[in-house]
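In the text below, chain A, chain B and the rest are named by the order of the sequence lines, each starting its count at 1. Excluded from the calculations below are hydrogen atoms, water molecules and symmetry mates; all remaining heavy atoms, backbone and side chain alike, are included. Worth saying up front: this structure is predicted, and the values here are computed from it rather than measured.
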2 protein chains.
Amino acid sequence: MSRKSPSETGPLPDLQCLCANLRRAARLVTQLYSQEMGPWLEPAQYSLLTALNMINTSGQAALGRILGLDKTTLSRNLKVLQRNRWIELAESKDRRERGYRLTAEGKAILARTNPGWQRAQERLRAALPPGEWETLMSTFRRVAEAALAADVASGGPSVGREKA
Amino acid sequence: MSRKSPSETGPLPDLQCLCANLRRAARLVTQLYSQEMGPWLEPAQYSLLTALNMINTSGQAALGRILGLDKTTLSRNLKVLQRNRWIELAESKDRRERGYRLTAEGKAILARTNPGWQRAQERLRAALPPGEWETLMSTFRRVAEAALAADVASGGPSVGREKA
DNA sequence: GGTCGTTAGTTGCATATACAACCAATATCA
DNA sequence: TGATATTGGTTGTATATGCAACTAACGACC
């Protein structure tokens, strides 16, 4: 597969932009997980399926907030899962909501992917300084919250960042 | 635009998956930057343009490695920049290579976007605990390298992770 | 100089991502 | 109750992302 030769594993250059820096890390980590989890379930789908499995969501809105996903992205991503028969529609009182729940196949694929997911986690943990893992997990969440807070702060209804 | 109401800025739930955790942060941070930088230049394009501006790349391969981008992604992203007249082809001895260089317009748009980029950086920095910024910048790079190393370690030609 | 493996990029395909604009249903309130 | 605002989702459009498969050009070797 011509994965880069060992000599090219050299250090990555610093990126001054935190966003670029973060996105690069996300891309590379995603590939690692994707590789371990196999071709059946992509990392994004795995997250979505897992989240859906945890909270028996009534609607997509809550799910989107949990994952920091735009509602339109979520809507389409769910459609892929549905097409694969991993989730199915679930009624709700509020007829606006279109919640989904895992099917048996959904739970099966999740179970089948779990070992690979575990391997990915362990490999990354092993590639990090000891004790770093726990720090990272909370750091990422904190960064996400920071971005969210900053976003809300300026995106509020009364704070106009002129549109025209 | 109905940006989430302040009350919904509450803490995000923990995600057990480092990948999901990282990707969520990347999405939210990307949105923050996108918002500040304006509609002319998306964060991904900004990174690419900046990288291209730094190193006067002869080819795409080096650029891809720097940004952790697949060559096919890079190829297409560059096309978008070219269509916008921000970059132009640059010859090279090796006729396989298709390197690009910034045009005057490319440098102009970069300059025009810089203030917004600065604002995004500062806002995120302000939303983080003091001193955290520097830690994050190196952490992200280290994680990227860790993922890359782990990837190479297993993706090698001789190490088969059975396919069937 | 021809053969062969490697390297550089592109194209087909599929998913992920989000904004603007839209529709549907609910909630609010006079 | 009826007008209005809000909330929940979908669709059109465009970019981002990567895998498999391909072509083109280079390099090494005999």
Which residue, B:Lys71 or B:Val80, contacts DNA chain D at a nucleotide closer to its 5' end, judged by nearest heavy atom? B:Val80
How many Å lie between CD on A:Gln45 and C1' on D:dG18, as a whole number? 13 Å
Comparing B:Glu97 with A:Thr73, nearest DNA chain C nucleotide closer to 5' gives the residue B:Glu97
Just by modelled atom types, is the A:Ile109 backbone N or O under 3.5 Å from a matching donor or acceptor in the A:Thr113 side chain? yes
For A:Asn77 and C:dT17, is the shortest distance between a side-chain N/O and OP1 or OP2 below 4.0 Å? yes
Whole-Å distance, B:Arg23 CZ to C:dT17 C1', equals 10 Å
Main-chain N/O of A:Ala26 paired with A:Thr30 side-chain donor or acceptor, under 3.5 Å: yes
Take atom CG of A:Leu28 and atom C1' of D:dG18, then tell me their distance rounded to the nearest Å. 12 Å
Nearest whole angstrom, please: distance from the P of D:dG18 to the CE of A:Met37. 15 Å
Check nucleotides 25-29 of chain D for protein N or O atoms closer than 3.5 Å to its own N or O atoms and list the pairs.
{"residue": "D:dC26", "atom": "OP1", "partner": "B:Arg95", "partner atom": "N", "Å": "3.1"}

Any side-chain N or O of A:Arg98 less than 4.0 Å from the OP1 or OP2 oxygen of D:dG8? no
Can you tell me the distance, in whole Å, between the NZ atom of B:Lys79 and the P atom of C:dG12? 9 Å
Of the listed nucleotides (C:dG9, C:dT17, D:dT17), which one gets closest to any side-chain atom of A:Ala44? C:dT17
Would you say a side-chain N or O of B:Gln31 is under 4.0 Å from OP1 or OP2 of C:dT17? no
Nearest to side-chain heavy atoms of A:Arg76, which nucleotide of C:dT10, D:dT13, D:dT10: D:dT13
Look at the side chain of B:Thr72 against the base of D:dG18 and say whether a donor-acceptor pair falls under 3.5 Å; ignore hydrogens and angles. yes
Run the salt-bridge test on A:Glu145 and B:Arg24 with the 4.0 Å N-O cut-off and return the result as yes or no. no
Is B:Gln16 atom CD crowded by more than 12 heavy atoms from other residues, nucleotides or ligands, each under 6.0 Å away? no
Taking the nucleotide of DNA chain C with the nearest heavy atom to each, does B:Gln60 or A:Glu42 sit closer to the 5' end? B:Gln60
Main-chain N/O of A:Cys17 paired with B:Gln121 side-chain donor or acceptor, under 3.5 Å: no
Roughly how many Å is it from CG in B:Leu78 to P in C:dG9, rounded to a whole number? 9 Å
Please tell me if B:Ser75 has a side-chain N or O lying less than 4.0 Å from either OP1 or OP2 of C:dT10. yes
Look at the side-chain heavy atoms of Ile, Leu, Val, Met, Phe, Trp and Tyr, link any pair under 4.5 Å apart, and say whether A:Met137 and B:Val143 land in one connected group. yes
Whole-Å distance between C:dA16 C1' and A:Arg27 CZ? 13 Å
Can you tell me the distance, in whole Å, between the CG atom of B:Leu69 and the C1' atom of C:dG9? 15 Å
A:Glu105/A:Arg85 ion pair, N-O < 4.0 Å: no
Would you say B:Asp70's side chain and B:Thr72's backbone share a donor-acceptor pair under 3.5 angstrom? yes
